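Inspection log for the structure reproduced underneath, given as structure tokens.
Given the structure is predicted, the values throughout are model-derived calculations rather than measurements. Sequence lines set the chain letters: A, B, ... in the order given, protein chains first and strands last, and positions in each chain run from 1.
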Amino acid sequence: MKMIQAIIRPSKLEVLKEALFKAGINGMTISQVQGCGNQHGWKEYFRGSEVILNVLPKIKFEIAVNDSQVDSIVELITETVRTGEVGDGKIFVSAVEDCVRIRTGERGEKAL
Amino acid sequence: MKMIQAIIRPSKLEVLKEALFKAGINGMTISQVQGCGNQHGWKEYFRGSEVILNVLPKIKFEIAVNDSQVDSIVELITETVRTGEVGDGKIFVSAVEDCVRIRTGERGEKAL
Amino acid sequence: MKMIQAIIRPSKLEVLKEALFKAGINGMTISQVQGCGNQHGWKEYFRGSEVILNVLPKIKFEIAVNDSQVDSIVELITETVRTGEVGDGKIFVSAVEDCVRIRTGERGEKAL
Amino acid sequence: MIDSGSTTFMLVCTMLVFLMTPALALFYGGLSRRKNTVNTMFMSIAIIGVVGVLWMVAGQSLAYGGDGSPFIGGFDQLFLNGTLEEVLNPVDGTFPPIVNIAYQMMFAVITTAIITGALAGRMKFGAVLTFAGIWLLLVYAPLAHMVWGGEGSLIGSMIGALDFAGGDVVHISSGVTGLVLCVLLGKRRGFGMLSYRPHNVPSIVLGAGLLWFGWFGFNSGSEFAADAVAGLALLNTAIAPAAAMISWMAVEKLMTGKATLVGACTGLVTGLVVITPAAGFVAPWAALVMGIIVAPICYYGISWLKKKIGYDDALDAFGCHGIGGIVGGILTGLFCVPELSWNDMGGLLYTGDPSLLIAQVEGILITVVFVVVMAFIIGFVVKKIFGGLRVEESVENEGLDVSLHGESAYPAFNGLD
Amino acid sequence: MIDSGSTTFMLVCTMLVFLMTPALALFYGGLSRRKNTVNTMFMSIAIIGVVGVLWMVAGQSLAYGGDGSPFIGGFDQLFLNGTLEEVLNPVDGTFPPIVNIAYQMMFAVITTAIITGALAGRMKFGAVLTFAGIWLLLVYAPLAHMVWGGEGSLIGSMIGALDFAGGDVVHISSGVTGLVLCVLLGKRRGFGMLSYRPHNVPSIVLGAGLLWFGWFGFNSGSEFAADAVAGLALLNTAIAPAAAMISWMAVEKLMTGKATLVGACTGLVTGLVVITPAAGFVAPWAALVMGIIVAPICYYGISWLKKKIGYDDALDAFGCHGIGGIVGGILTGLFCVPELSWNDMGGLLYTGDPSLLIAQVEGILITVVFVVVMAFIIGFVVKKIFGGLRVEESVENEGLDVSLHGESAYPAFNGLD
Amino acid sequence: MIDSGSTTFMLVCTMLVFLMTPALALFYGGLSRRKNTVNTMFMSIAIIGVVGVLWMVAGQSLAYGGDGSPFIGGFDQLFLNGTLEEVLNPVDGTFPPIVNIAYQMMFAVITTAIITGALAGRMKFGAVLTFAGIWLLLVYAPLAHMVWGGEGSLIGSMIGALDFAGGDVVHISSGVTGLVLCVLLGKRRGFGMLSYRPHNVPSIVLGAGLLWFGWFGFNSGSEFAADAVAGLALLNTAIAPAAAMISWMAVEKLMTGKATLVGACTGLVTGLVVITPAAGFVAPWAALVMGIIVAPICYYGISWLKKKIGYDDALDAFGCHGIGGIVGGILTGLFCVPELSWNDMGGLLYTGDPSLLIAQVEGILITVVFVVVMAFIIGFVVKKIFGGLRVEESVENEGLDVSLHGESAYPAFNGLD
Ligand SMILES: Nc1ncnc2c1ncn2[C@@H]1O[C@H](COP(=O)(O)OP(=O)(O)O)[C@@H](O)[C@H]1O
Ligand SMILES: Nc1ncnc2c1ncn2[C@@H]1O[C@H](COP(=O)(O)OP(=O)(O)O)[C@@H](O)[C@H]1O
Ligand SMILES: Nc1ncnc2c1ncn2[C@@H]1O[C@H](COP(=O)(O)OP(=O)(O)O)[C@@H](O)[C@H]1O
């Protein structure tokens, strides 16, 4: 099993969720985070004074999937949320050793 | 070392925390996340119109433990937060390669 | 690639961010979490009654880096945020198998 | 001599009506999505500025100046010309006329601000303010004249329709304008699919509470004297919303199984709207009945009609104010106590004579037609000026706060939306 | 003729007392846990609806109708029968009686709403509203009659106890009722173990600020005329809370090392409560003393007594209003300036004669006994009707907002609780 | 006999001015960083307590007691000595003098609270309150006497400077004191580097809305009678802030490309400040002009001068109140309608005679010099007492809320800051 962690733009939250549902993924965990990256922040003004914001709101999706699904899901995410502008985000993939469905106690891939 | 990640119902936060303290675990990191799973969301009404909520508030516990503790902790969590209803949550276990206690600089298992 | 996860004091957020920028790291993801550890919480008073808070606000940094950078970054973090008091926090290091830059589709280390 | 008691009353009522617009900003702000909170509140707040200034420049003159046209005032009081003289050489009367200028200004501000509830989340900010300014001068001011222009005015005098505190002038005009703009704007992207819900319920409660508080000044101040009728208007403005709140909660309980706090607040607002044209004309028991009646009608309008017809009245400016105002105007024709009427017509229920009811319906129809036509025209003109009324898709997705204003409502809080 | 100045005063004071209930919703809402915010606020807001309607239907009649029973009014003013006639045929007096109906309605609303502070986080919503409705008619209305029913009323006339703006009628009655319901309900699950803290301090500050603002109308309006005594009541309503706030902060600093903002707000509320029965009877210096005294007593009641006895008065309705009201009533017997008294008894300190003090204590005792007995009976009846007063354990765990109302207060914000 | 109409007016205006301080707490609280919200609000709230009590103890006497010194009142009214007698033996007049005591108390409270905007995020809490108490007695009370002490007072009578509702007494005094404390305190750590932004925009909007609402009582109440001039003051207090808001938005649009809601709120506050000394003296068109002028000047002061000179006026107490008050005082010398003047001097524009303008400038200069000197001295003394005005570095980093008060403003919400 792998954990796919995608950091995306907040405005892409709804579309990505829908796209994942359509692809048959209905387990995921979402949270709001702040990110820095190549997108170096923006300027706002507070009473005429410049304020540099170098952390921007981002959304993190965590999706645990079978090894076989990783590539297709990564591709799906990439295509769904890409705008081509700096700040589109990153996907990280890492290994998960075990998974438990609390309700039933099932373990491993069938618990996903 | 392993990282145990448990996604549970918000109403189980306090009990799980107490249970872990009792089991001698006093290092953990908690955050609020939004989850989708088999529990397909609920309906709310806003001025008479149905609103489908397909992400629900959940609590994420992250607990780094020694390899030997994994099974007992997973079991403890499962038992403490299970209600048997859809939406009880998931536990993910993955490997941690190193751990540092910032205060002392200690590394590895003794830093837990 | 490794993912460095550092749980630190909220008051160290700005300094650590600056320090990482200076060290040439400009990709990171930050979130607020609640932590329990050796620092056993503090007391507040609500209308004269003691309230024990055993989870405290902490900041989590997630920084994906090349294997070669791990030690220097861990050291940098440790030095920047250490106060020597209980509650300084923890760093966890784990493996990342793949990384994708969504904007370009690049994968692996060059996507960091 | 003036009456210092009534002068104080009108001074205080002016302040109370002022407060309704910041209250509306909180009400609408809480109802909006988090990413559009600043924009939603800003529309109301900026309208205090725009309308405040324009009312002084020309609005007051167009509404209450001139010499008795049925349709509109005149140009003799531009820049409040003559007002200072009146202050320096006080004449007799219940209270000094300058107080009424301020009072009328606050009415103009809140009326214009109500419209913005229909626009949340998608309209260009410059276009909103430009529309608001033109609308004030070309719709609100003439309509105020037609209804409250005294001797010779079209709706108030020739037709003889009654409007105690602004059913036609305030609620129908703003609600219907909101509807027209909804149609011109189109729906928010994702309307019906996405889960739009209010983002801050306490802000809604606070807004509704302050609105109600200010509305006491709005309705009882419309008696323009501190007397028993002002007391009646106040009492009715307590009873109708209380009844409408309970009525709305009962409907919700019946339809969805659960009474909600947002519903209760919506219900009380419909009760405030329905009693506005009637506040000083009806008995307390009629206020109770009006409150009970209005809530299910607005509920139906908001939950069913809106979906059916398919306009996106984001925060229900039309659903609450348009519909509620129409219901209130009609019921005034039924329940008006003849002795309290401003003319020789009384409510059908008391007199058995439908003249007032007919006048009320005529007044409403003229208002609706006038407002629809004018709002469409002004909407088109503003659309031309700004090359479209609507923001870019990306702006709408990202949220208007950050895109249009470079501000977030709560930058230090995490969350989704 | 009526006096338009005092009419205006009473109209405005009515609006101000109205505002206290939304203010209380914000105050209690901020003090509650996040997951119970909607429910906590909803109790106060819905009570505006329920009590508003019932006051018009029967409350006013039961409190102030009839012909002079010591205990209760009559049935002659049901549905405000006769009010319209009074509006149409004004009689002489300081202000039109209809204004007083509205003013008394607002008193009934806020009093009933105060009770809910004791119930936060565990009571069935229907049971709350049912209890509130019955309580209004069977406890509040009779008690208002006993104290303020004029000639022949039990507490106000026969015993001669003084209650300027509602120590007995408002604060002791609601606070004690809250205590009774606490006992009937039992503690919140996890009480004492979990870390209950307010979830939104600015909301508490806002609520306290608006409460204080409204309280000026509550206390000075109880003079029923715009005169020097109204001014005195206003000034005392500024001084006592200011002193109580400082006093509370000093106690906190002493006991825990840190003055808190929630503490300061709690302190000022106890100051408002203590001065309520005394506002127009005592000199400013006495207001200062009363404020200084009340804070430590309530602090002790809340922090020590509550734990000791073990009831779960969630937001301290009894701790602030019950205890503060009793202290205020007793101190009125000490500090009442004889010339300002409503009867021929003055404060012990001025007259050396303990009659007033004794009357005050008697008034309080009767109030407490009456309220305790009635609240238990009504509580039992409501419990029977609803099959228990309390929500299921799972509802309490998940939070009442989502479970009972299908709403979250801040759905777009992350956090724990 | 007193005039019950004007008595009501002053009673209500007193309540309105009271409300300004909780409003300011919300305004400043929203502008602060999240981790300092409790402390920022607490400074304003606690000042209601401290100043409320001290005003009663000595402030009123020092400001308005005594027998006609140019500089300060006397000691004859300590503890409001004599007030109760006035209540018991009413004399003729527009309204009972006790009402004015309460009104003046509210002025003293809000003035002192304004100062705290300059201190956000770094000053010891005890030092703030101690400074506030001493400042009230040694700066505010004498200054109020010099300007409003009547016959023989230095600024108001001898120099003949006009200050309708408190340009010198309220805004310049508090703004300049804020500036002095900024200099004594030094900058917040990380000032200029960190991204300070407001953490809660709706709270700012609410605060600004309630401030404006209260300010109507502040400015029109300063006529001390319910008459046409009170109406003029009210209208001007609507027009100037409306104009200043639009003006500020225009400047922002020009300079940064985007109008912000925080900017609009700041702009309207500068409009309120500028019209304060002039409210009952100038024509509505002049209010419009004053509003348009003040916003860019304050904008410049806040965005450029502050950076240039390098003081850290955290929430711009000096930038808004100090600068705006000076501009307002000077423009009064230009625009004052001679017939409305309190003395025989009128505005330069009407009379061609610069005497009033010169008197205004003199009044401002004396105020500034007096305040600067006194504020430095008191600041030094308080620094000595507390061993430094400033909190430890670690306290500042962690946030003053948790460190000084053991409270977080929103403990159940996640976020950064
Ligand atoms: N090395 C990293 N470690 C952790 N998170 C990262 C890293 N690099 C980027 N991110 C996250 O991804 C987000 C988008 O990255 P960014 O570099 O702006 O995107 P892009 O490469 O498309 O321009 C950042 O805001 C941050 O949250
Ligand atoms: N594949 C997944 N990847 C990440 N998180 C998941 C996944 N599946 C479930 N979750 C998380 O677990 C929570 C509970 O899952 P759910 O399927 O509703 O529980 P159950 O299986 O007990 O019915 C979800 O809300 C989500 O946050
Ligand atoms: N075993 C663990 N698993 C997950 N997070 C942990 C663990 N131990 C500590 N933490 C996190 O690190 C933070 C600091 O830990 P703490 O023990 O207080 O620091 P220190 O060891 O420096 O005294 C905690 O608040 C918690 O968020």
Original post:
Does atom NZ of F/Lys308 have more than 12 heavy-atom neighbours, drawn from other residues, nucleotides or ligands, at distances under 6.0 Å?
Top reply: no
**OP:** Under 4.5 Å heavy-atom distance to chain A, tell me which part of F/Asn414 shows up: side chain, backbone, both or neither.
**Re:** neither
**OP:** Working to the nearest 0.5 Å, report the span between OG of A/Ser49 and OH of F/Tyr299.
**Re:** 7.5 Å
Subject >> Interchain contact, A/Phe46 with chain F, by part (heavy-atom threshold 4.5 Å) >> reply: side chain
**OP:** Examine whether an atom of A/Glu44 lies under 4.5 Å from a heavy atom of chain F, and if so say whether it belongs to the side chain, the backbone or both; otherwise answer neither.
**Re:** side chain
Identify every side-chain donor-acceptor pair in residues 242-269 of chain F under 3.5 Å, counting partners at least two apart or on other chains, and give the distances.
| residue | atom | partner | partner atom | Å |
| --- | --- | --- | --- | --- |
| F/Ser247 | OG | F/Ile292 | O | 2.8 |
| F/Trp248 | NE1 | F/Glu252 | OE2 | 3.1 |
| F/Trp248 | NE1 | F/Gly263 | O | 3.3 |
| F/Glu252 | OE1 | F/Thr260 | N | 2.6 |
| F/Glu252 | OE1 | F/Thr260 | OG1 | 3.1 |
| F/Glu252 | OE2 | F/Thr260 | OG1 | 3.0 |
| F/Thr256 | OG1 | F/Glu252 | O | 3.0 |
| F/Thr256 | OG1 | F/Lys258 | N | 3.4 |
| F/Thr256 | OG1 | F/Lys258 | O | 3.3 |
| F/Lys258 | NZ | D/Ser403 | O | 3.3 |
| F/Thr260 | OG1 | F/Gly263 | N | 2.9 |
| F/Thr266 | OG1 | A/Arg47 | NE | 2.9 |
| F/Thr266 | OG1 | A/Arg47 | NH2 | 3.3 |
| F/Thr266 | OG1 | F/Val262 | O | 2.6 |

